[in-house]
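Step one of this worksheet: look at the structure below.
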Amino acid sequence: MTNKTPYNKENGKVDYMITLIPFTIVIVLSILFFLMPEQSNVVLSHIRFFLGDTFGVYYLVIGLGVFLVSLFLSASKYGNIVLGKPDEKPKYSFFAWGSMMFTCGLAADILFYSFSEWVMYAANPHISELGGIQEWAGVFPVFHWSFIPWGFYLVLAVAFGFMLHVKKRNRQRYSEACRPILGKHTDGFAGRIIDLLAVFALLAGTATTFSVATPLMAGIIGELFHIETSRTIVTVIILLLTCAVYTYSLLHGFKGISILAKICIYMFFGLIIFVLVFGGKAGYIIDTGFESLGRMVQNFIGLSTYTDPVRSTNFAQDWTIYYWAYWMVWCVAAPFFIGSISRGRTIRQTILGGYVFGVGSTIVSFIVLGNYSLGLQTSGAVDYITQYQADGDAYSMIINIIKTLPCAPLVLVAVLLTMVAFYATSFDSIAYTASCYSYYKLEDNRQPHKILQLMWCILLIILPIALVFSESSMNNLQSVSIVAAFPIGIVMIIIIWSFLKDAKTYIQN
């Protein structure tokens, strides 16, 4: 009774430890990145090398394991469980649900990587070992952004949805999802550590995402308006403006998020259709995309378990392991949000529907936008690989790719607005989840206080600004995710184990 009493009396009360400790850590890290950028980046690189190189298999095993669990849940009796009352119907249409799920799970970096990812590793010796650019450069982007990443989201989403809508638990936290395994320790030190790790991982994922793609937005503005100001200054201004957009949307609740998500989806697919129809590479895009998708499926297990044991290319360490870590830190917020909006759907519908909408939309983006520039490269029209190797400036390269399209200025505007919409929708869900995290207990259908939501909206922007000012390289931005994801992987295993235990008892009763 001692452990349960404060828990039962603390509905609506703010947990200042979970709120203030991450806030303090972010402030300290931001100051360090701002005042000592070189030293901070060196330390990050060393930690990233230790975790990514020494424990790389750890990330790969979790990735493949979670994907296999998603298939098991879809095919087994667990798939029949409704996330809510047994006769409850979904609150949102498939399109509205899919739009919110897709845009909350993928920020604007999907556009950045769709245009440029194949170029970043086209010159890696591993691509040559496998057979060459045409055969493999388009395979890895599809692999890195499809089934395993979305598997992370969807398995945890049904675990959280089951916790919230079936078991009716009122603590929207990682630790609460571990209760079937941790028992009374959920309310003690173990639960505290899990929640602090989760919030820190959430902030790390936010920082990585914002810092990766916002310089592209700054570059587009510079190209459109011929602004000579430092890209760093423009990037910070964009970060602040984007923060204002998602703050406004969040404070208007799920209705605002839903509307923004639909607008984002329309602009996103409008951009993809324009490139496919008017880019002049439709045949090549479709043929190469279809072949890449087939090659990815055919070699899925090999791609999922490749570790480069002799470190001849470090491809797995630099890319696949980074990506699994990157998605793992995003699993703190996105699955909670997906689980919340999936009320009334079965576990099978949530997982398979997520794969159809989430994976399908993601693959289309990489096939069309990535293979457009790959087609220009292989035809000899442009040499993006040499350009990128010369200066490492992926942002200018993407702008040059877009400038080869008809009505390039309008396309640049469309890309910019779509990125703003992506960021705003994604960080709506993150700020909402973080706000819920700040409470000891939050009853079903009760919203976090507006001031608390506003605080998290501002907090989420501080570390990205510090990383931009420190001019962190892509390698160091990746390091933030790899470091934060290491302990989160263990917590994810406990959550999935807890869910299976809880769901088994539910079915038997």
Side-chain angles (χ1 to χ4, degrees), residues 106 108-149 212-213 216 271-272 275-276 279-300 303 306 308 313-324 326-327 359 361-405 415 474-475 477-478:
L106 294 173
D109 47 351
I110 186 177
L111 291 175
F112 169 79
Y113 282 114
S114 290
F115 276 114
S116 66
E117 182 171 326
W118 73 266
V119 183
M120 294 181 181
Y121 43 62
N124 189 288
H126 185 54
I127 302 297
S128 300
E129 292 173 358
L130 291 173
I133 295 171
Q134 175 58 44
E135 290 76 15
W136 287 93
V139 174
F140 283 100
V142 174
F143 171 65
H144 287 149
W145 288 75
S146 58
F147 294 104
I148 287 179
V212 163
L216 173 59
L271 174 65
I272 288 175
V275 173
L276 181 64
K281 294 288 181 182
Y284 176 85
I285 288 171
I286 294 171
D287 289 348
T288 302
F290 190 68
E291 183 180 71
S292 296
L293 185 59
R295 187 170 280 116
M296 186 269 287
V297 173
Q298 183 181 3
N299 296 276
F300 185 81
L303 294 171
Y306 175 69
D308 188 15
T313 65
N314 280 316
F315 186 88
Q317 288 71 32
D318 291 341
W319 290 102
T320 306
I321 290 169
Y322 152 64
Y323 267 126
W324 290 183
Y326 180 57
W327 287 78
V359 173
S361 301
T362 307
I363 287 176
V364 167
S365 177
F366 278 90
I367 284 177
V368 174
L369 302 183
N371 287 330
Y372 172 73
S373 53
L374 181 60
L376 295 174
Q377 174 78 33
T378 54
S379 67
V382 188
D383 189 356
Y384 293 117
I385 297 174
T386 301
Q387 176 186 331
Y388 180 71
Q389 286 183 309
D391 56 21
D393 188 352
Y395 307 109
S396 297
M397 180 189 69
I398 293 172
I399 292 172
N400 289 335
I401 292 171
I402 296 173
K403 286 167 68 175
T404 63
L405 290 164
V415 170
M474 183 67 68
N475 183 69
L477 293 176
Q478 293 174 350

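All of these numbers come straight from a predicted model, not from anything done at the bench.
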*asked:* Go through it in stages, so that I can follow the logic: the residues are T313 and E129, the test is side chain to side chain contact (heavy atoms under 4.5 Å, CB included), and I'd like the CA-CA distance, side-chain angles, deciding distance and then a yes or no.
replied: CA-CA 10 Å; T313 65; E129 292 173 358; 3.6 Å; yes

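- Residues Y121 and H126 fail the side-chain proximity criterion, which asks for heavy atoms closer than 4.5 Å.
- From I367, atom CD1 reaches atom CG of D287 across 11.5 Å, with rounding to the nearest 0.5 Å.
- Under the 6.0 Å cut-off for aromatic ring centres, Y323 and W145 qualify, their centroids lying closer than that.
- To the nearest 0.5 Å, atom CG of residue L111 and atom CD1 of residue I398 are 9.0 Å apart.
- In this structure, the side chains of F300 and I148 come closer than 4.5 Å at one or more pairs of heavy atoms.
- Side-chain contact between W136 and N299 is present, with at least one heavy-atom pair separated by less than 4.5 Å.
- Aromatic ring centres of W319 and F140: separated by at least 6.0 Å.
- Aromatic ring centres of F143 and W324 lie closer together than 6.0 Å.
- Atom CD1 of residue I321 and atom CG of residue N314 lie 9.0 Å apart, to the nearest 0.5 angstrom.
- Using a 4.5 Å heavy-atom cutoff, the side chains of Q377 and V382 are not in contact.
- Between Y372 and F115, a ring centre-to-centre spacing not shorter than 6.0 Å is recorded.
- One N or O on the side chain of R295 and one on the backbone of E135 form a donor-acceptor pair closer than 3.5 Å.
- Using a 4.5 Å heavy-atom cutoff, the side chains of Y284 and T378 are in contact.
- D318 contributes atom CG, which lies 7.5 Å from atom CG of N124 (distance to the nearest 0.5 angstrom).
- Side-chain N or O atoms of W118 include one that pairs as donor or acceptor with a backbone N or O of G370 at under 3.5 Å.
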*side chain to side chain contact (heavy atoms under 4.5 Å, CB included) between I401 and Y384, intermediate numbers included*: CA-CA 9 Å; I401 292 171; Y384 293 117; 3.4 Å; yes

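- Taking OG from S114 and CD1 from I363, the interatomic distance works out to 11.5 Å, rounded to the nearest 0.5 Å.
- Residues K403 and I399 have side chains in contact (heavy-atom distance under 4.5 Å, counting atoms from C-beta outward).
- Side-chain rings of H144 and Y113 stay apart, their centers remaining 6.0 Å or farther from each other.
- Proximity of S146 to T362: side-chain heavy atoms (C-beta onward) are nowhere separated by under 4.5 Å.
- With contacts defined as side-chain heavy-atom distances shorter than 4.5 Å, the pair S379/K281 qualifies.
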_CA sep, side-chain torsions, deciding dist, call: N400, Q387, side chain to side chain contact (heavy atoms under 4.5 Å, CB included)_ = CA-CA 11 Å; N400 289 335; Q387 176 186 331; 3.2 Å; yes

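- Rounding to the nearest 0.5 angstrom, the gap separating the CD1 atom in I127 from the CZ atom in F315 is 4.5 Å.
- When all heavy atoms of A123 and I385 are compared, the pair lying nearest together is CB-CG2, 4.2 Å.
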